[in-house]
Amino acid sequence: MEQHTLDIEKQVTLLMRGTEYGDEQLKEAMRIELRQRLIEAQAEGRPLRVYCGYDPTATDLHLGHTITMQKLRQFQDLGHHVIFLIGDYTALVGDPSDKNKARPILSHEQVLENAKTFAEQAFRVLDPEKTEIRYNSEWLGKLTLVDLIYLGQNFTVQQFLARENFAKRIKEGSPIFLHETFYPLLQGYDAVMLKADVQVGGSDQLFNIIVAGRKLQEVFGQKPLVGILVDILPGTDGVQRMSKTTGNIVPIFTTSEDMYGKLMSIPDFAMGKYFRLSTRLTSEEISALEAGLAAGKIHPRDAKMRLAREIVSIFYGSEAAEAAEAAFVQIFQRKDVPEEMDVYQVQPGQSILDVLVDSGMVDSRSAGRRMIQQNGVRLNGETLDDPNAPFPGEGILQVGKRHFRRIIISKE
RNA sequence: GGGCAGGUACCGAAGUGGACAAACGGGGCUGACUGUAAAUCAGCUGGCAGACGCCUUCGGCGGUUCGAAUCCGUCCCUGCCCA
């Protein structure tokens with residue numbers, strides 16, 4: 001018995017690590033509830049039911065999503081039951097939490113298309129053997145109007161208006177569509193249908209999880225879930241939250257080299273958050289690193305390379321991470337060329353511009369001309385300056401900093 | 001349903017008959033520099049041709065005009081106020 005409580009204490013410490021509630025009291029309350037729930041479940045001889053929902057509003061899952069996924073993984077590794085919920089119906093509504101404006105309307109077909117590879121992407125972090133995949137259309141699709149009315153009776157308009165993002169939109173005079181207010185109800189209903197003990201989410205999910213989810217579970221006679229809220233990862237710009245629409249994502253499905261490079265492009269000031277949220281380094285190690293940086297003992301470039309290496313190795317293993325680093329050093333630090341690149345075969349009579357466009361290295365002839373004018377096109381290191389000249393010969397064609405093709409001349 | 005204000009490029013936002021492919025800012029791209037694809041500085045940022053020029057784009061459609069993002073009609077959408 002003594003031994004078990006100790007185990008639980010360790011679990012609580014691990015599971016609460018990296019959480020962010022924006023309010024110490026709430027955090028403490030959740031810590032206590034988590035401990036209690038673990039004790040109860042253990043007494044009942046069952047694992048906790050833990051879930052996090054992901055809305056397929058776009059095709060790519062990205063590093064930002066993996067913060068909650070890593071938290072799910074922790075639960076999984078501790079033997080708890082994890083549900084990866086695909087929000088194919090909530091995606092139709094669009095979560096107003098993280099937005100300063102309404103989401104564009106998607107059709108259910110588009111959403112399902114987006115969701116196609118969600119699970120596959122998630123398994124880069126989660127254990128496929130231990131993960132239950134669900135779609136919330138399963139129960140949201142069956143909700144009747146009466147059900148919805150009943151759900152709505154538990155919330156007031158004032159609760160919604162008080163939320164920062166809605167208040168902001170009201171102040172700006174930008175629209176808030178009625179259906180957006182359904183979002184928390186639907187997410188809360190997910191929690192009810194899943195009989196969740198724990199819900200993991202970003203700290204922007206506070207209302208949806210702590211207010212809506214817990215409230216509705218109580219209404220349905222369930223014990224309100226424990227919310228595990230994690231901090232939000234900024235995108236590659238270092239400021240705005242990572243999101244596909246902002247265009248600042250590090251996608252999960254990409255090459256190790258690309259992931260490494262994207263991580264190297266984050267601003268120096270964002271390194272701390274990335275280390276804390278996306279790597280396995282302990283907070284002591286990170287603090288030491290930051291102290292070194294502040295004292296000028298550690299080069300920011302080296303710290304960022306460490307960051308990139310750490311994260312890439314989580315997804316691709318340490319060998320691939322080292323290879324990606326080597327490629328990065330080769331291309332960007334030594335300004336050398338990569339080991340591997342696509343091959344393009346030049347046809348007789350093609351001009352330089354023809355090759356740029358036809359090989360897909362530029363989007364249009366105008367863009368190609370611009371690129372040449374700006375000295376962005378090189379063949380074997382020699383800058384090419386006449387778009388209309390016949391393509392001069394074989395070798396390595398480079399456009400901008402990071403686009404390469406091996407050019408061969410067709411024998412004819 | 002009525003009154004008022006709006007709908008401009010990837011985003012924000014000027015422009016209110018010709019000099020508008022459309023100021024400015026952000027984003028993106030290129031170059032220089034560097035400590036890195038950070039920061040900073042400079043340039044570029046609809047397409048075709050690249051010399052003149054031509055084509056598509058300012059919510060949709062239709063008009064007025066030699067000429068419309070700009071004026072008129074109509075429709076759609078948003079905010080505020082009223083009901």
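The sequence lines fix the lettering, A, B, ..., with proteins before strands; numbering per chain opens at 1. Note: hydrogens, waters and symmetry copies are ignored here, and every other heavy atom, side chains too, is used.
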Q: Assign a letter to each nucleotide of nucleotides 41-48 of chain B from its 5' end: B, base within under 4.0 Å of a protein heavy atom; S, sugar-phosphate only; -, no contact.
A: --BSS-SS
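- Using a 30° and 60° split on the angle between ring planes, A:F328 and A:Y260 fall in the tilted class, from 30° to 60°.
- Checking each of A:E325, A:E322, A:E319 against A:R309 for a salt bridge (Lys or Arg N to Asp or Glu O under 4.0 Å) leaves exactly one that passes, namely A:E325.
- Comparing the P positions of B:rA22 and B:rG53 gives an interatomic distance of 13 Å, to the nearest angstrom.
- The CG atom of A:N248 sits 16 Å away from the P atom of B:rC11 (whole-angstrom rounding).
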Q: Start with the C-alpha gap between A:H108 and A:Y89, add the side-chain angles, then the distance that decides, and say whether ring-ring contact (aromatic ring centres under 6.0 Å, His included) holds.
A: CA-CA 8 Å; A:H108 195 230; A:Y89 256 48; 5.2 Å; yes
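- Exactly one residue among A:V125, A:L233, A:V230, A:I228 makes a side-chain contact (heavy atoms from CB on, under 4.5 Å) with A:T68. That residue is A:V230.
- With C1' as the reference atom, B:rG60 and B:rA49 are 32 Å apart, rounded to whole Å.
- Nucleotide B:rC80 forms a pair with B:rG3, judged by Watson-Crick or G-U wobble geometry with both contacts under 3.5 Å.
- Between B:rG50 and B:rC33, the two C1' atoms lie 32 Å apart (nearest whole Å).
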Q: Between protein and nucleotides 75-83 of chain B, map the contacts as a letter string: B base, S sugar-phosphate only, - none, heavy atoms under 4.0 Å, written 5' to 3'.
A: ---SS----
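- Both distances falling under 3.5 Å, in either a Watson-Crick or a G-U wobble arrangement, place B:rU74 opposite B:rG60.
- For the P atom pair drawn from B:rC48 and B:rC4, the interatomic distance equals 46 Å after rounding to whole Å.
- B:rU70 and B:rU78 have their P atoms separated by 22 Å, given to the nearest Å.
- Look at the C1' atom in both B:rU57 and B:rG43: the space between them is 25 Å, to the nearest Å.
- Remark: side-chain polar atoms of A:E285 are paired, donor with acceptor, to backbone N or O of A:T282 under 3.5 angstrom.
- Around atom CD of A:E132, more than 12 heavy atoms belonging to other residues, nucleotides or ligands sit under 6.0 Å away.
- When the P atom is compared between B:rG1 and B:rU74, the two are found 15 Å apart, to the nearest whole Å.
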Q: Going 5' to 3' through nucleotides 33-39 of chain B, assign each nucleotide B (protein heavy atom under 4.0 Å from a base atom), S (under 4.0 Å only from sugar-phosphate atoms) or - (no protein heavy atom that close).
A: -BBBBB-
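- Nucleotides B:rC41 and B:rG46, compared at atom P, are 23 Å apart to the nearest Å.
- A donor atom on one side chain and an acceptor atom on the other are not found under 3.5 Å apart for A:H403 and A:Q398.
- Annotation: the span from A:R370 atom CZ to A:S364 atom OG amounts to 5.5 Å, rounded to 0.5 Å.
- Checking each of A:E290, A:E284, A:E20 against A:R276 for a salt bridge (Lys or Arg N to Asp or Glu O under 4.0 Å) leaves exactly one that passes, namely A:E290.
- Between A:D55 and A:Y183, the side chains place a donor N or O and an acceptor N or O closer than 3.5 Å (distance only, hydrogens not considered).
- Residue A:L353 contributes atom CG, which lies 11 Å from atom C1' of B:rG50 at whole-angstrom precision.
- Side-chain polar atoms of A:S137 and A:D88 form a donor-acceptor pair below 3.5 angstrom.
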